[in-house]
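Computed from a prediction, not measured in an experiment: that's the story for all the values here. Side chains included, hydrogens not; waters and symmetry mates left out as well; all remaining heavy atoms used. Just so you know, residue 1 is the first one in the sequence shown, and it goes up from there.
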Amino acid sequence: MRARGLLALLLLGSACSSGGLRPEARGAAGERLLAEEQGLHGRVRVVERAGLRMLSVAGAVQGAVAVDGSRRPGADSLAAILRAARPGGRSAILIGLGTGSTAQALMDAGFDLRVAEIDPVVVRMARRFFDYRGPAIVADGADFLGRQKGPVDAVILDAFAGESVPEQLLSEETLDRIQRLLAPDGVLAWRLLASPGAECVKELECMLRRRFRYRQLLGTGIGDERQNLLLIASHAACNVVDLPASGLRAVGEEAGLEGAQAGGRRIDVTGFLVRLRENGALALDLPHGHMGAVRYLLMGERARRLEALLPAGASFPTAGEIGSDGDLGPTLAHLIGRGTVMRSDVRHSPVIASLGGLANLRSAVDPDTVFKGRPLRGRASAGSPARLDPLLPYGGQLYTLAVERVHWTLDLAGWKDWEREQAARLIEQMEQQLGRGELAGVPALLREYLSRLRARFGEQASAFVVWKDVRGLASRMDEELGSMGAKASSTRKAEACEHLMEWAERREGFYLGQSPLQRLSASLERCRIGCYEAAARGDGPDARKAAEQLHEMLTGKARLLEHDIQYFDEMPPTGRSKQELENAYRETKARLGELEKRFPGLESL
């Protein structure tokens, strides 16, 4: 099949800006400066505050990650959108690195990536402080594009100079270079933070109309308020439509934008069922990829019936840079996600609901207004009579939703029942096969898991973190099995298990907990150790190499166990007693001893 080209340009300006790039809050209490250097476009800083590590350039925050032991960049919904647009895409070019989160998400989605970043300071910061380990060449983006050869499946421009886009990246010459790189069915996409009716959006649409036959505008909002937008254009039709997992929906005249501003728009949404602490109203809070809240006030008789689903005295905690005011453990945050950590206000709940109905914009508040304590400049967004709303204490968008359909509701006990009845046996079978180093049958079991999830939750299952994780693992296993062949050596199987384990441990669900990825990752580790042990029982240099790998793994495992035992009383690990840890430590040390006897000199590694 011919390679399919893809482009995503992420822009910033006074009226149009990047969805994830906002002015940095300065002087925040508890801020710790880790590094600061002069870059090409201003000071590049890495700071930690409120449990986050943030990268800023010229005062504009480029990205943030949690520092609680999971510092890898979080998943970027752009990768999932590109996969939906062109499922067969493989190669990609990315201009602009930031923290490396977009680059990592694209690689996790299976793209073979080339990355150019004009500022060497940004590259150093991404590698040193954000665990980015992928490719990155220091080069001007426009020049870099001129030197590349196509066709490629993705060309992504994510480059900013402070709060503006370098003009050379928006020139007709650069677009010509990009078109020469793209295959005939290439896709072009801009990601923006703007009103759908803003002049900059209209200008971009006009520019694309001259070059591409198919165009589509996706947004996170309902009306003409400032929101996250993705503008897509292609010579061939794209299969990107409303994506529950990304929060994006089609907007524009063909999607009823004008009618949405005046009389609402019918939508389907999945989120946390909550009581707002400000006035006790019933609402649906969505995990989302931008700042502030995405909140729906639920209206109508069907909405009133939902009230009974919330336990008496239920709390709805938040988490992230804004603050953490409760334990997320009793909620379903692990199932549909926590949202991003950059000033994202999400109220989590032990009940989630998938609803359909007529939505109208009530108000939109710029999150920077709340944090900087100054009036919102310019006119209020369309449909918003007030510039501040007490139900949006940290900004965002507030909608009303006249509930017409309740697709399903789910509480924590219901999810555990589904896991026990539909998923537990499948996970056990996968654990057993992986533990024996038998990878070939696991993708079919993963797809059976997805089939059962869809049978219960329909199309809305794609909003689940576990859906994305399991589908991604099945795809990665297919790739590993395809490259191994039918008669793979024990060493090659061990390498495949290692690649899959590293991929799983970068996924959102792994760090949220209560995910099959954690159990399967442990089985992949057993697969890796078992396969290296089998290879080490042979003779010659291959056996020695396998023994060296095995020794390194067992040594690391012993150190982690020793740490967990030493600090057990202060930080007990989930699900393991101290006696179990001590037994595992003794077993690991014994295996190390046997390995060192067979291969003298390993103890010095």
Side-chain angles (χ1 to χ4, degrees), residues 70 72 107-108 110 131 133 427-443 445-446 469-470 472-507 509-511 515-538 540-564 573 575-576 580-581 583-596 598-599 602-603 605:
S70 57
R72 291 185 180 90
M107 289 187 290
D108 289 346
D131 289 348
R133 298 292 179 265
I427 299 298
E428 289 174 6
Q429 289 177 292
M430 287 186 263
E431 286 181 305
Q432 293 168 3
Q433 292 187 26
L434 291 173
R436 295 192 299 265
E438 300 171 359
L439 279 64
V442 176
L445 293 173
L446 290 168
D469 288 342
V470 170
L473 182 58
S475 177
R476 297 295 295 212
M477 290 198 74
D478 286 340
E479 293 177 11
E480 289 291 341
L481 289 168
S483 64
M484 280 196 315
K487 296 182 179 179
S489 66
S490 295
T491 299
R492 180 64 186 88
K493 286 184 179 180
E495 291 172 348
C497 289
E498 182 175 4
H499 297 160
L500 292 166
M501 186 176 69
E502 290 175 349
W503 178 89
E505 291 177 355
R506 289 196 298 266
R507 302 296 293 179
F510 185 89
Y511 288 112
S515 166
L517 288 188
Q518 289 183 317
R519 291 177 60 179
L520 296 181
S521 180
S523 298
L524 287 165
E525 183 181 22
R526 291 195 296 273
C527 168
R528 183 174 62 150
I529 291 174
C531 289
Y532 275 129
E533 285 179 333
R537 286 194 288 268
D542 288 343
R544 176 77 187 193
K545 288 180 182 178
E548 290 172 353
Q549 293 288 337
L550 181 60
H551 190 275
E552 182 180 351
M553 286 186 293
L554 292 175
T555 299
K557 183 178 180 180
R559 288 172 180 165
L560 287 174
L561 289 167
E562 189 175 29
H563 176 274
D564 287 345
R576 303 187 75 178
E580 288 174 324
L581 292 173
N583 291 341
Y585 178 73
R586 284 193 292 269
E587 178 187 349
T588 304
K589 291 293 287 184
R591 293 166 79 176
L592 277 169
E594 294 173 2
L595 196 63
E596 289 165 0
R598 177 169 169 75
F599 295 92
L602 284 179
E603 63 272 14
L605 292 176

Provide the closest heavy-atom pair for Ala536 versus Phe599 in the form atom of the first, atom of the second, distance.
O-CZ, 3.4 Å
Applying salt bridge (Lys or Arg N to Asp or Glu O under 4.0 Å), name anything that partners Arg519, two or more places apart in sequence or on another chain.
Glu431
In Å, rounded to the nearest 0.5 Å, how long is the span from OG of Ser483 to CG of Asp478?
11.0 Å
With rounding to the nearest 0.5 angstrom, report the OG1 to CG distance, Thr555 to Leu595.
8.5 Å
Side chain of Arg528, backbone of Met501: donor and acceptor closer than 3.5 Å?
no
Kindly indicate whether the side chain of Leu434, heavy atoms from C-beta on, has any atom under 4.5 Å from the side chain of Met477.
yes
Between Ser521 and Gln518, is any pair of side-chain heavy atoms under 4.5 Å apart?
no
Sorted by chain and residue number, the side chain to side chain contact (heavy atoms under 4.5 Å, CB included) partners of Glu495 (sequence neighbours excluded) come out as Thr491, Arg492, His499, Tyr532
Please report the interatomic distance CG(Leu500) to CG(Leu481), rounded to the nearest 0.5 Å.
8.0 Å
First locate atom CG of Leu524, then atom CG of Leu439, and finally report the distance between them rounded to the nearest 0.5 Å.
7.0 Å
Return the NZ to CE distance between Lys493 and Met484, rounded to the nearest 0.5 Å.
7.0 Å
Leu473 backbone acceptor or donor facing Trp503 side chain under 3.5 Å
no
Is there a donor in the side chain of Thr588 and an acceptor in the side chain of Arg591, or the other way round, less than 3.5 Å apart?
no
Audit row: Leu446, Leu520, side chain to side chain contact (heavy atoms under 4.5 Å, CB included) steps and yes/no:
CA-CA 11 Å; Leu446 290 168; Leu520 296 181; 4.1 Å; yes
To the closest 0.5 Å, what do you measure between CD (Glu505) and CD (Glu525)?
8.0 Å
When you measure from the SG of Cys531 to the SG of Cys497, is the result less than 2.5 Å?
no
Step by step, would you call Glu587 with Asn583 a side chain to side chain contact (heavy atoms under 4.5 Å, CB included)?
CA-CA 6 Å; Glu587 178 187 349; Asn583 291 341; over 6 Å; no
